[in-house]
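Throughout, a chain's letter reflects where its sequence line sits, starting with A, and its residues are numbered from 1.
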Protein chains: 2
Amino acid sequence: MKKDIIFDVIKNSPNSLTAEEIYNDVSQNINVNLSTVYRTLNNLVEKDLVTKVVRQDKIAYYELANNEHKHYLICDNCNNAYSTDMCDLDKIARKIKKETGFNITSHTLEFHGICPECLKNVK
Amino acid sequence: MKKDIIFDVIKNSPNSLTAEEIYNDVSQNINVNLSTVYRTLNNLVEKDLVTKVVRQDKIAYYELANNEHKHYLICDNCNNAYSTDMCDLDKIARKIKKETGFNITSHTLEFHGICPECLKNVK
DNA sequence: AAAAATACGCAAATCATTTGCGAGTACATT
DNA sequence: AATGTACTCGCAAATGATTTGCGTATTTTT
């Protein structure tokens, strides 16, 4: 079924994708409806197979729910997202937990700025 | 004009507000239209007087564009947002800048979990 | 006070995402 | 194979936060 194909697209993508991007990709091979893509994505997120992150542009991005935690550097100029695995947030999370009693289970982090490529072109 | 009243609401709020919350607040005193609130907010954001942050719930939250950097602990149970000023991200940002050349200008960080209050009630 | 610029209300538009419904398909049980 | 039950999908309409066009008021500038 189409769920597998949609999941494959996510699995094979090095970066996170929007529902529309997934839809376009899948549509090249088979017929699907956008709502099917959304339904499937929600399904995969529920099953913890896929992670959904809403960015400042208000669009949801989906990626493989992998163990290794990633964050994005989003260029305000070209709007590309570069991922980084640098994240010392667990330390901060522990500190917050200790000082506030808040039981933190997850976090999202988004950096904004200008990527090296754009920096070159702007100058 | 209404811009001042809207700005006052934001100034006097200890936490970030949605457009609707601001609208409700302002409406208690004067007549305004929701679109006026939105227009004014965009205006204030443009002038760097107000900061807009889109959260995972896809709703934009507005707060005074203040110098002191805050992040939110959002309870997945009661949906309240607790703010914290703990943020060692500048260190991480510098590291990323050095290693990737990405010129980071801002970031958003959102912690999710269960707040102490809800923890008590759930148990 | 007239002209030019803003502010505002109202209704309609937008856009990502969701949902109701009805039809198609798969799988299990007899 | 036949029946039942549960998904899977497509399609069109609905949602909900936010934006926009437009005409009218109100302010600011001259």
Q. Which nucleotides of nucleotides 24-30 of chain D have their base under 4.0 Å from a protein heavy atom (B), which only their sugar-phosphate (S), and which neither (-), written as one string 5' to 3'?
A. -------
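- In this structure, A:N33 CG and A:Y38 OH are separated by 11.5 Å, a value rounded to the nearest 0.5 Å.
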Q.
Would B:E63 and B:L17 count as a side chain to side chain contact (heavy atoms under 4.5 Å, CB included) here? Give the steps.
A. CA-CA 6 Å; B:E63 66 181 16; B:L17 302 167; over 6 Å; no
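- Rounded to whole Å, atom P of C:dA16 lies 17 Å from atom CD of A:Q56.
- Side-chain atoms of B:N15 and B:S13 form a donor-acceptor pair, as typed in the model, at a separation below 3.5 Å.
- You'll find the side chain of B:V37 stays beyond 4.5 Å of the side chain of B:V26, heavy atoms only.
- Rounded to whole Å, the distance from CD1 on B:I6 to P on C:dA7 is 11 Å.
- Rounded to whole angstrom, the span from the CD atom of A:E46 across to the P atom of C:dT18 amounts to 11 Å.
- OP1 or OP2 of C:dC15 has not a single side-chain nitrogen or oxygen of B:K58 nearer than 4.0 Å.
- Put simply, the side chain of A:E110 reaches to within 4.5 Å of the side chain of A:R55, judged on heavy atoms.
- At whole-Å resolution of the value, OH in A:Y23 and P in C:dT17 are 14 Å apart.
- Of all heavy-atom pairs spanning B:T18 and B:Y61, the tightest one is CG2-CE2, 3.5 Å.
- Taking the side chain as every heavy atom from C-beta outward, A:L64 and A:T51 never approach each other to under 4.5 Å.
- Note: CD1 (A:I59) to P (D:dT18) measures 14 Å, nearest angstrom.
- Rounded to an integer number of Å, the gap from OH of B:Y62 to C1' of D:dA17 is 9 Å.
- Judged by distance alone, with hydrogens and angles left aside, the side-chain atoms of A:Q56 form a donor-acceptor pair with the main-chain N or O of B:V54 at under 3.5 Å.
- Contacts of residues 31-39 of chain B with DNA chain C (heavy atom under 4.0 Å): B:N31, B:V32, B:N33, B:S35, B:T36, B:R39.
- Residues B:T108 and A:F111 are not in side-chain contact: their nearest non-hydrogen atoms beyond the backbone lie 4.5 Å or more apart.
- The NZ atom of B:K3 sits 14 Å away from the P atom of C:dG9 (whole-angstrom rounding).
- Side chains of A:I30 and A:V32 form a contact here, defined as non-hydrogen atoms less than 4.5 Å apart.
- End-to-end axis angle of the helix from C:dA1-D:dT30 to C:dT30-D:dA1, from C1' rotation axes over five pairs per end: 20° (rounded to 10 degrees).
- The side chain of B:E20 lies closest to D:dA17 when the candidates are D:dA17, C:dC8, D:dT18.
- The side chain of A:N42 contributes an N or O atom lying less than 4.0 Å from OP1 or OP2 of C:dT18.
- The backbone N or O of B:N103 lies less than 3.5 Å from no partner atom in the side chain of B:K97, so there is not a single donor-acceptor pair.
- Nucleotide C:dC8 holds its C1' atom 14 Å from the CG atom of B:L41, rounded to whole Å.
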